[in-house]
Amino acid sequence: MTELPKAYDPTQVEQRWYRAWIEQGYFHADAAAPKAPYTIVIPPPNVTGSLHMGHALFATLQDILVRWRRMQAYNAMWLPGTDHAGIATQMVVERTLQREEGKSRHDLGREEFLKRVWQWKEKNGGRIVEQLKVLGASCDWERARFTLDEGLSVAVREAFVRLHEEGLIYRARRLINWCSRCRTALSDLEVEHEDVTGSLWHIAYPVEGSDAMLTVATTRPETLLGDTAVAVHPEDDRFKHLIGGRARLPLTDRTVPIVGDAVLVDREFGTGAVKVTPGHDFNDFEVGVRHRLDMISVFDLTGRLNDNAPAAYRGLTVEEARAKVVADLEAKGLLVKVEPHQLALGRCQRCETVVEPTLSLQWFVKMQPLAEPAIEAVESGKTRFVPEMWTKTYMHWMRNIKDWCISRQLWWGHRIPAWYCGTCGEPTVARETPAACAHCGGTQLTQDEDVLDTWFSSSLWPFSTLGWPKETRELRTFYPTSVMETGYDILFFWVARMMMMGLHFMKKVPFRTVFLHAMVVDEKGEKMSKVKGNVIDPLDVVYGSTLDALVKKAEEGAAPKQAIANIKKQFPEGIPASGADALRFTLAALAAQGRNIRLALGRVEGYRHFANKLWNAARFALMNLEGFDADRFADEQAADGRELLSLADRWILSRLQRTAKEVDEALEAFKFNDAAQAIYRFVWSELCDWYIELAKPALQDKSEEGEAQSAPGAARLGGLGPQRRTAQGVLATSLETACRLLHPFMPFITEEIWQQIPKPLGAPQSIMITMFPTADPGLIDEAAEARLDEVQDIVTAMRNARMEYELGNDVPFRVLAANEEQRRLLDEDKALVQAMTRGSALQVVPASSEPQEGVVHVTPRRNSLALVFSGQADREALVAAIDKKLAKLDKERAQVGGKLANEAFMAKAPEEVVAENRRRLAECEERMEKLRASRATM
RNA sequence: AGGCACGUAGCUCAGUGGGAGAGCACUACCUUGACACGGUAGGGGUCGGCGGUUCAAUCCCGCCCGUGCCUACCA
């Protein structure tokens with residue numbers, strides 16, 4: 001049997017196994033397999049993307065679910081893919097083009113530019129996929145999809161055409177969010193609001209035909225040039241007489257009507273009068289509709305003032321225009337005052353440019369009819385959210401949903417399947433390029449220049465990836481999917497829209513459960529960003545990185561100086577290589593529901609140590625499994641195995657069953673952290689800390705068959721006696737089962753170890769395709785657990801006494817048993833105590849055999865056993881230690897005694913609780929009595 | 001403005017209507033044939049504050065303070 005290296009090195013192990021799994025085709029799910037399906041479709045990351053902790057988190061959690069279900073014999077299918085990310089990708093390629101060739105996309109033309117984007121995608125789009133593989137993601141790569149694939153494009157056209165036919169897609173001239181940097185319309189969701197301190201300008205508008213002034217308050221004085229009314233509250237006594245009149249618009253030669261509008265105007269706010277700019281403000285647009293006002297755009301699509309503005313302002317940017325308007329107003333004495341004001345500024349999600357509400361002809365999806373079934377599906381429980389709190393957020397958004405602007409003035413994406421007639425101008429919407437206009441038969445057709453919002457194709461993802469609109473075997477088998485696992489930040493972007501489209505086109509929910517994970521942030525709770533220099537790259541955690549490399553990477557990413565300084569401060573030693581397993585385990589352990597995940601490298605380190613601990617437990621096991629015959633052990637266990645098991649054996653097997661149950665239940669409830677903790681505790685605190693130590697004597701059993709070969713050197717190998725055989729079997733079983741329980745979390749190390757554990761003939765080739773452990777209730781052994789609990793208590797007390805009183809290892813202990821039954825059991829278990837205390841002499845005596853000589857030391861937990869030892873110890877230290885314990889016990893006695901003396905407690909508390917407190921009180925008193933007796937002897 | 005989370009050991013986080021936990025850090029001791037990426041023992045917390053419900057509250061309820069996020073048309 002080859003000996004394993006002393007320390008576990010993940011880099012030597014991980015990628016070897018990943019390749020092996022791929023070669024064996026373990027990740028592939030057959031749509032025709034006669035097994036219950038379990039499907040997850042990946043929330044497709046952007047092709048432009050590079051792996052970040054958010055990806056690492058979803059990859060980990062989804063892989064855990066998929067590996068777990070696969071091991072439970074489900075037909076588990078995890079469909080991967082990437083998203084074409086219209087704006088982001090186009091931006092990246094445009095920037096490169098500008099930098100390398102000094103050209104814009106317009107210089108190249110649409111066709112050539114798209115060719116370049118595809119080239120870029122072919123070259124760089126695979127990066128994130130390769131990075132997911134590093135983490136061990138067991139995706140069905142044969143089914144990988146890209147949102148611009150031919151099949152998905154067919155799905156997009158089909159969906160568009162059908163929705164158009166149903167009147168759910170329409171084209172209209174409306175106010176939309178316009179990014180002048182990206183030169184495209186954006187949906188409401190793509191605008192991010194940021195609270196900033198701006199100004200509130202009070203501007204006087206002269207009232208036509210009078211000397212009066214009507215003062216309005218605005219945060220955007222430059223839009224004044226596009227005003228088409230002034231609104232006051234219809235019941236405001238200050239102003240209502242002006243309604244119906246007109247005001248002269250400063251800096252222009254226009255006059256605008258004064259209207260009464262109770263919806264827009266809040267009498268308490270500002271001056272009580274509002275300038276109305278329907279062409280550049282969503283509220284004002286509504287007022288414009290209500291009062292049939294003119295709608296003027298004064299900005300063009302590049303963010304400059306157009307010909308609708310007075311000549312003096314044309315060509316200025318919005319910022320320049322603001323400065324000039326304010327200056328000109330001041331010069332004319334029309335600027336009444338300026339005060340600081342908080343406002344929410346909308347910025348483009350991609351480029352942070354301030355978005356401009358702009359009148360524009362765009363395509364929209366009518367959302368309300370689609371939202372209704374999506375609301376019903378959640379209300380009726382067809383789809384549920386985990387954590388449940390998201391249900392409310394989802395419902396609120398769905399119930400207040402607005403139409404979705406889906407056209408984008410980009411080139412990279414699904415081109416809108418609408419053709420405009422050169423003769424009549426009407427659009428013809430069709431699946432394939434039409435030969436003639438559907439309205440007038442004209443043949444001069446030009447396709448819409450625009451593409452669809454990337455999220456439109458994403459919304460079809462759960463079924464477009466499975467072959468829709470064709471009725472495929474895959475769709476029948478894998479739709480609806482089992483779980484949508486993603487971050488809560490895209491609840492609306494993805495989840496909500498997938499729900500609507502899934503229900504609309506498939507008539508079934510796209511997923512039964514939506515698990516929304518939290519955001520990964522840094523140790524201080526701040527969002528990771530290159531600007532702050534607090535990014536932790538998952539690959540750096542896996543492979544490790546020096547400080548120099550970290551700094552270099554940040555510099556290449558054009559990070560600011562401060563970020564570099566922060567990196568130096570945060571990672572003075574760089575980042576140690578911890579392996580994918582440790583990273584995955586950390587993310588799972590921190591993935592408690594409903595809060596941000598603050599990734600602390602210290603946690604990763606701790607779990608890297610955990611991997612090493614498991615590794616060394618395996619080393620120990622393998623060193624002691626010489627001569628072990630898994631088949632023989634299995635046969636023995638099947639026959640009269642229970643007879644052969646020692647207390648320690650029965651205990652660890654019992655703990656193992658409980659752990660299996662805990663892990664399984666936790667995963668069912670998406671409590672990844674609970675599952676991780678349960679395995680951690682089992683492996684470290686139970687298997688390593690206790691069982692391995694307890695089993696050591698048995699593994700040395702040299703009786704029977706061992707005797708026969710007592711040649712020199714045989715002792716070192718250990719014997720082959722029945723105790724040893726049994727301990728070997730239990731050790732192997734515990735380790736093997738623990739590996740299977742841990743496999744979804746730490747796939748690599750568990751495979752590496754599992755491969756080397758002797759297994760019965762016919763065992764699977766890989767841990768990946770073994771069965772996930774289920775708890776065997778027959779192996780749960782309450783009695784063994786209670787007895788071992790007592791052993792642990794005594795062991796701990798002995799160690800504690802030795803440390804506390806600085807006793808030597810050879811000081812003999814006596815344990816006082818409360819009754820004959822306890823004395824008998826403890827006498828049996830004495831060897832275990834000795835195994836754990838380096839063979840300390842221990843005698844079990846009846847408590848009644850007092851008076852004892854020596855010092856009494858009570859066990860730390862609750863079974864109130866007392867230990868007696870004699871030997872040299874500092875008398876004063878002993879007395880002080882005893883007094884401290886007495887004080888602590890006295891406090892507890894008073895507390896518990898108080899409860900029991902309380903009539904209300906006795907009358908109303910449940911019987912068990914009362915009994916428990918009685919027991920505690922008695923125990924307290926007993927321990928105090930023993931300590932006092934001990935103190936008295938000094 | 002509304003909504004949702006969160007506030008527990010020095011740090012990162014679990015947890016529960018009835019005796020406060022883990023990892024890291026800290027202290028002391030230990031190179032024991034699995035593991036110093038280790039072992040043993042230990043120190044450290046008014047469970048954000050104030051009220052309420054309850055026999056009993058860190059946990060349930062209300063208010064307040066602080067932190068974060070989301071939604072929103074107050075110019």
Side-chain angles (χ1 to χ4, degrees), chain A residues 3-4 6-8 193 200-201 216-220 223 231 263-266 268-277 281-287 341 343-344 357 387 389-390 392-393 396-397 400 488-489 491-492 518-519 521 523-527 576 578 582 586 589-590 592 594-603 605-624 671 673-674 677 680-681 685 688-689 692-693 696 716 796 799-804 806 837-838 862 892 895-896 899 902-910 912-914 916-917 920:
Chain A
E3 196 169 307
L4 302 174
K6 211 165 165 178
Y8 176 63
H193 295 274
L200 192 63
W201 283 272
V216 301
T218 180
T219 55
R220 304 200 51 197
T223 62
V263 180
L264 179 74
V265 181
D266 172 357
E268 309 300 316
F269 186 87
T271 60
V274 188
K275 62 190 272 314
V276 179
T277 323
D281 184 285
F282 287 99
N283 293 318
D284 294 3
F285 181 83
E286 298 301 320
V287 177
H341 183 69
L343 68 149
M389 61 175 174
W390 294 109
K392 247 180 153 173
T393 309
H396 182 261
W397 190 75
N400 295 284
Y488 66 77
D489 54 332
L491 173 57
F492 306 139
M519 297 294 109
V521 294
E523 222 161 318
K524 290 179 227 143
E526 287 179 36
K527 205 170 170 180
S578 290
T586 307
L590 292 179
R595 56 162 54 200
N596 279 351
I597 297 170
R598 295 194 191 197
L599 186 69
L601 283 181
R603 288 298 283 265
E605 191 188 358
Y607 294 126
R608 187 180 80 226
H609 294 174
F610 172 61
N612 193 56
K613 188 72 177 175
L614 176 68
W615 181 254
N616 276 288
R619 276 186 77 212
F620 173 82
L622 294 173
M623 286 176 192
N624 285 279
K671 292 185 175 176
N673 56 323
D674 286 353
Q677 203 197 341
Y680 185 95
R681 192 212 55 235
S685 309
C688 292
D689 287 352
I692 285 184
E693 296 305 324
K696 278 178 182 173
R716 214 174 151 256
T796 308
R799 289 167 170 172
N800 171 290
R802 282 212 295 234
M803 294 287 281
E804 201 169 342
E806 298 182 348
T837 55
R838 337 208 88 252
R862 66 183 88 160
E892 190 180 344
Q895 201 188 337
V896 178
K899 270 190 195 176
N902 184 339
E903 279 176 35
F905 174 79
M906 297 303 284
K908 294 192 178 175
E912 319 74 272
V913 175
V914 174
E916 172 70 7
N917 279 279
R920 275 179 67 196

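Only heavy atoms go into these numbers, but all of them, side chains included; no hydrogens, no water, no symmetry mates. Naming: A, B, ... by sequence-line order, numbering from 1 per chain. Note that the structure is a prediction, hence the values are computed from the model and not measured.
The nearest whole Å value for the distance from the CG atom in Leu590(A) to the P atom in rU12(B) is 12 Å. We find that CZ of Arg802(A) is positioned 13 Å from P of rG42(B), with the value rounded to whole Å. In this structure, the CD atom of Glu912(A) is 18 Å from the P atom of rA56(B), given to the nearest Å. Summarising the geometry, the separation between CG on Asn902(A) and P on rG18(B) is reported as 17 Å, rounded to the nearest angstrom. Nucleotide rC6(B) holds its P atom 7 Å from the CE atom of Met389(A), rounded to whole Å. In this entry the distance linking CG of Leu599(A) with P of rU12(B) reads 13 Å, nearest Å. Rounded to whole Å, the distance from CD on Glu605(A) to C1' on rG23(B) is 10 Å.
Using a 4.0 Å heavy-atom cutoff across all strands shown, Arg799(A) reaches sugar-phosphate atoms only and no base atom. Among the heavy atoms of the strands lying under 4.0 Å from Tyr680(A) are primed sugar atoms or P, OP1, OP2 only; no base atom is included. Arg838(A) comes within 4.0 angstrom of a nucleotide base, judged by non-hydrogen atoms across all strands. Within 4.0 Å (heavy atoms only), Ala907(A) reaches no atom of the nucleic acid at all. Nucleic acid contact class of Gln677(A) (heavy atoms, under 4.0 Å, all strands): sugar-phosphate only.
Across all strands shown, the partner of rG66(B) is rC6(B), judged by Watson-Crick or G-U wobble contacts whose two distances both fall under 3.5 Å. Using the Watson-Crick or G-U wobble rule with both distances under 3.5 Å, rG23(B) pairs with rC11(B). Nucleotide rG17(B) forms no Watson-Crick or G-U wobble pair with any nucleotide shown, as no partner meets the under 3.5 Å limit on both distances. Across all strands shown, rC37(B) has no partner, as no Watson-Crick or G-U wobble contact with both distances under 3.5 Å is found.
Between rA34(B) and Lys696(A), a contact under 4.0 Å exists linking OP1 or OP2 to a side-chain N or O. The phosphate of rG38(B) has OP1 or OP2 within less than 4.0 Å of a side-chain N or O from His609(A).
Two residues are said to be in side-chain contact when any heavy atoms from C-beta on lie closer than 4.5 Å; Lys613(A) and Tyr680(A) fail this criterion. Annotation: side chain of Arg603(A) is in contact with side chain of Leu590(A) (closest heavy-atom distance under 4.5 Å). The side-chain heavy atoms of Thr219(A) and Leu200(A), taken from C-beta on, include a pair separated by under 4.5 Å. Between Thr223(A) and Lys275(A), some side-chain heavy-atom pair lies under the 4.5 Å cut-off.
Tyr488(A) and Trp390(A) have parallel rings, their planes meeting at less than 30° on a 0 to 90° scale where 60° marks the start of perpendicular.
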Produce a footprint string for nucleotides 69-75 of chain B: one letter per nucleotide, 5' end first; B if the base is under 4.0 Å from any protein heavy atom, S if only the sugar-phosphate is, - if neither.
S-SBBBB

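With rounding to the nearest 0.5 Å, the separation of NE2 in His341(A) from CH2 in Trp201(A) is 10.5 Å. Separation of atoms CE (Met623(A)) and CG (Asn616(A)) is listed at 8.0 Å; rounding is to 0.5 Å. Remark: Leu264(A) CG to Phe269(A) CZ distance equals 11.0 Å, nearest 0.5 Å.
Lys613(A) contributes no side-chain N or O that forms a donor-acceptor pair with the base of rC37(B) under 3.5 Å.
Along RNA chain B, the nucleotide closest to Phe610(A) and the one closest to Arg920(A) are compared, and the more 5′ of them pairs with Arg920(A).
In this structure, of rC55(B), rC37(B), rA34(B), it is rC37(B) that holds the atom nearest to the side chain of Asn612(A).
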